[in-house]
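Reading through the structure tokens given below for one structure.
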Amino acid sequence: MRAARMYGYHQPLRLEEVDVPHIGPEEILVKVGGAGMCRTDYQLIDGYFDRGLAMDYPITPGHEVAGWVDGVGSAVPASAGLSEGDQVVVYGSWGDGACRQCHNGNEQLCAHGTWAGFGRHGGYQEYLPVNYRYLIKMPGRGGLSPENLAPLTDAGLTPYRGLKKLRDAGHLRAGGTIGVSGIGGLGSYGVQYAKLLSGGADVVAFARSDEKLEIAKTNGADHVINVRGKDVDAVREELETLTGRTELDAVIECAGSEDALRLAFALLAAEGAVASVGLIGNRVDIPLFPLVAREYTYFGSFWGNFNDLTEVLALAEAGQIKDTVTRVRWEDVNDTLDAIGRGEVLGRAVIVYD
């Protein structure tokens with residue numbers, strides 16, 4: 001099979017032909033139909049996680065995976081309902097099953113867990129062994145292809161969980177204004193969830209690219225603001241022109257850069273909240289006094305759990321989620337990673353093997 005494998009930081013992936021992996025008794029062999037290319041994959045190769053992940057090279061990146069069942073392990077129970085040819089989506093965060101987070105259903109927070117594409121092999125190869133517990137079988141009504149489904153496992157999942165936190169804490173409501181900061185892979189879905197979950201709030205998208213803001217409009221943003229080259233006062237003035245308000249009740253922050261986070265808090269109304277899901281930068285630098293005196297809330301929100309993903313897939317199956325997908329040939333994976341690092345890819349790039 002073809003595999004794009006990592007042998008060290010700051011090196012291009014090596015495009016290789018390797019043996020199809022064997023599966024264990026409780027594993028399914030997934031034939032990968034689509035592998036989403038996340039900025040986190042670029043950051044992995046660039047050394048962003050060099051202190052947090054133990055690497056046993058070579059590894060194959062790719063944590064956004066969808067495809068078909070190609071083989072079934074001998075101990076996979078019949079109750080799993082998985083047979084060769086079934087269309088499946090891979091939930092890519094695999095906990096140890098024993099800690100409090102796992103017992104609460106939040107395996108993505110497991111301190112001893114592993115993730116597809118981070119140490120364990122991922123979807124930048126044609127076949128992938130996955131424990132049957134981490135597969136979601138799609139209904140098979142022909143509506144969604146693997147290249148549509150794969151990005152939902154992170155780009156579509158991560159902002160969904162962040163917006164649920166804002167909603168459940170009472171920050172999304174009719175008559176309010178919510179900002180979606182950063183219209184890349186995550187933010188293009190975040191705009192849609194903001195419309196779906198906010199009960200009628202105005203949704204304002206913020207980005208540094210007119211092309212990306214056009215995607216935000218297509219996905220339902222009521223207003224868009226290009227923040228490139230503008231200070232806080234200029235952005236606030238434009239916000240007031242568009243909405244009649246100078247502040248936001250909540251922000252889903254999908255970029256994760258220091259500048260984007262500072263802007264989010266600078267525009268926040270009293271008792272407002274920011275849910276942070278992006279990971280471009282390494283630190284948060286915001287003034288302390290407004291955080292306390294205006295009673296802001298700051299949510300960290302990481303990926304999503306298995307049940308969150310089932311909800312996202314149900315929305316997609318019901319036709320309530322649009323996607324912006326760029327198909328990528330396996331041979332072009334390194335060029336595409338470089339483009340992702342430069343912020344040039346619109347929506348989500350997805351490797352396909354046909």
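Just the heavy atoms: all of them, side chains too, but no hydrogens, waters or symmetry mates, feed the values below.
- Under the side chain to side chain donor-acceptor pair (under 3.5 Å) criterion, His121 pairs with Thr60, sequence neighbours left out.
- Checked by atom type and distance alone, the side chain of Glu295 never pairs as donor or acceptor with a backbone atom of Glu271 at under 3.5 Å.
- Counting heavy atoms from C-beta outward, Asp354 and Arg327 have side chains that approach closer than 4.5 Å.
- Among residues two or more places apart in sequence or in another chain, the side chain to side chain contact (heavy atoms under 4.5 Å, CB included) test is passed with Ile45 by Met6, Leu13, Leu337.
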The test is side-chain contact (heavy atoms from CB on, under 4.5 Å); show your working for Leu239 and Leu248 and say whether it passes. CA-CA 9 Å; Leu239 178 64; Leu248 303 167; 4.0 Å; yes
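- When the salt bridge (Lys or Arg N to Asp or Glu O under 4.0 Å) test is applied to Glu331, no partner is found at least two apart in sequence or on another chain.
- Using a 4.5 Å cut-off on side-chain heavy atoms (C-beta onward), Thr326 and Leu346 make no contact.
- Relative orientation of the His63 and Phe118 rings is tilted, given thresholds of 30° and 60° on the angle between their planes.
- Here salt bridge (charged side-chain N to carboxylate O under 4.0 Å, His left out) pairs that include residues 189-213, with residues two or more places apart or in two chains, are Lys195-Asp222.
- The shortest side-chain heavy-atom distance between Glu27 and Val130 does not fall under the 4.5 Å cut-off.
- Residues meeting the side chain to side chain donor-acceptor pair (under 3.5 Å) test with Glu238, sequence neighbours left out: Lys230.
- One hydrophobic cluster holds both Tyr134 and Val32 under the rule that ILVMFWY side chains link at heavy-atom gaps under 4.5 Å.
- Considering every non-hydrogen atom in both Ala269 and Arg245, the closest pair reads CB-NH2, 4.3 Å.
- Residues Cys254 and Gly182 share a closest heavy-atom pair of CB-O, 3.5 Å.
- Gln43 places no side-chain N or O within 3.5 Å of a backbone atom of Asp46 that could act as its donor or acceptor partner.
- By the 6.0 Å contact criterion, CG on Asn104 is enclosed, its count of non-hydrogen atoms from other residues, nucleotides or ligands being greater than 12.
- Scanning both residues, Val76 and Val72, for their nearest heavy atoms gives CB-CG1, 3.8 Å.
- In this structure the side chain of Val350 never reaches within 4.5 angstrom of the side chain of Asn148, judged on heavy atoms.
- Within 6.0 Å of atom CD in Glu344, more than 12 heavy atoms from other residues, nucleotides or ligands are found, so the atom counts as buried in its surroundings.
- Annotation: salt bridge (charged side-chain N to carboxylate O under 4.0 Å, His left out) contacts involving residues 84-113, sequence neighbours excluded, comprise Asp86-Lys137.
- A cation-pi arrangement is present between Arg14 and Tyr7 under the rule of less than 6.0 angstrom and at most 45 degrees off the ring axis.
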As a quick check of understanding, evaluate side-chain contact (heavy atoms from CB on, under 4.5 Å) for Ile178 and Val251, giving each step before the final call. CA-CA 6 Å; Ile178 178 171; Val251 179; over 6 Å; no
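- If you chain together hydrophobic residues whose side chains sit under 4.5 Å apart, Leu163 and Leu268 never meet in one group.
- Annotation: ring-ring contact (aromatic ring centres under 6.0 Å, His included) contacts of Tyr298 (sequence neighbours excluded): Phe265.
- Applying the 6.0 Å contact sphere to OH of Tyr57 captures more than 12 heavy atoms from other residues, nucleotides or ligands.
- Residue His10 places its NE2 atom among more than 12 non-hydrogen atoms of other residues, nucleotides or ligands, all under 6.0 Å distant.
- Here the shortest heavy-atom pairing between Tyr127 and Pro21 reads O-CG, 3.8 Å.
- When the side chain to side chain contact (heavy atoms under 4.5 Å, CB included) test is applied to Arg294, the partners found at least two apart in sequence or on another chain are Glu247, Ala270, Pro290, Tyr296.
- Residues that satisfy the side chain to side chain contact (heavy atoms under 4.5 Å, CB included) test with Thr246, not counting sequence neighbours, are Arg236, Glu240.
- In this view, Gln192 and Tyr189, Asn219, Ile321, Lys322 satisfy the side chain to side chain contact (heavy atoms under 4.5 Å, CB included) rule, not counting sequence neighbours.
- A distance-only check finds a donor-acceptor pair linking the side chain of Asp308 to the backbone of Asn305 [under 3.5 Å].
- Panel note: side chain Gln87, backbone Ser145; no donor-acceptor pair is recorded below 3.5 Å.
- Leu82 and Leu309 end up in the same hydrophobic cluster when Ile, Leu, Val, Met, Phe, Trp and Tyr side chains are linked at under 4.5 Å.
- Inter-residue side-chain proximity for Arg348 and Cys38 is flagged as met; some heavy-atom pair is nearer than 4.5 Å.
- In this structure a side-chain-to-backbone donor-acceptor pair under 3.5 Å is missing from Asn106 to Gln108.
- Rounded to the nearest 0.5 Å, atoms CG (Leu157) and CZ (Arg161) are 8.5 Å apart.
- Between Val274 and Phe299, the closest side-chain pair of non-hydrogen atoms is not below 4.5 Å.
- Distance CG/Leu197 to CG/Asp168: 9.0 Å, rounded to 0.5 Å.
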Begin from the C-alpha positions of Ile351 and Met37 and carry the test side-chain contact (heavy atoms from CB on, under 4.5 Å) through to its verdict. CA-CA 7 Å; Ile351 300 170; Met37 300 184 70; 3.6 Å; yes
Report the C-alpha distance between Leu109 and Phe302 in whole Å, list the side-chain angles of each, state the deciding distance to 0.1 Å, and finish with yes or no for side-chain contact (heavy atoms from CB on, under 4.5 Å). CA-CA 8 Å; Leu109 304 180; Phe302 180 65; 4.1 Å; yes
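- In terms of heavy atoms, Val191 sits closest to Ala221 at CG1-N, 3.5 Å.
- Looking at residues two or more places apart in sequence or on another chain, you find no side chain to side chain donor-acceptor pair (under 3.5 Å) involving Thr153.
- Side chains of Trp115 and Ser93: a donor on one and an acceptor on the other come within 3.5 Å.
- Residues Asp154 and Thr158 bring a donor and an acceptor atom of their side chains to less than 3.5 Å of each other.
- You'll find the side chain of Leu135 stays beyond 4.5 Å of the side chain of Val89, heavy atoms only.
- Atom CD in Glu258 sits 8.0 Å away from atom CG in Asn282 (nearest 0.5 Å).
- Closest approach of Ala255 to Ile280, counting heavy atoms only: O-CG1, 3.1 Å.
- Between Glu311 atom CD and Asn307 atom CG the span is 7.0 Å, to the nearest 0.5 Å.
- At least one side-chain heavy atom of Glu26 sits under 4.5 Å from a side-chain heavy atom of Tyr132.
- Separating the CD atom in Glu317 from the CE atom in Met138 is a distance of 4.5 Å, to the nearest 0.5 Å.
- Asp249 contributes a side-chain N or O that, together with a main-chain N or O of Thr177, makes up a donor-acceptor pair within less than 3.5 Å.
- To the nearest 0.5 Å, atoms CZ (Arg228) and CZ (Phe206) are separated by 16.0 Å.
- For residues 144-172, the ring pair (Phe, Tyr, Trp, His ring centres under 6.0 Å) pairs, not counting sequence neighbours, are Tyr160-Tyr193.
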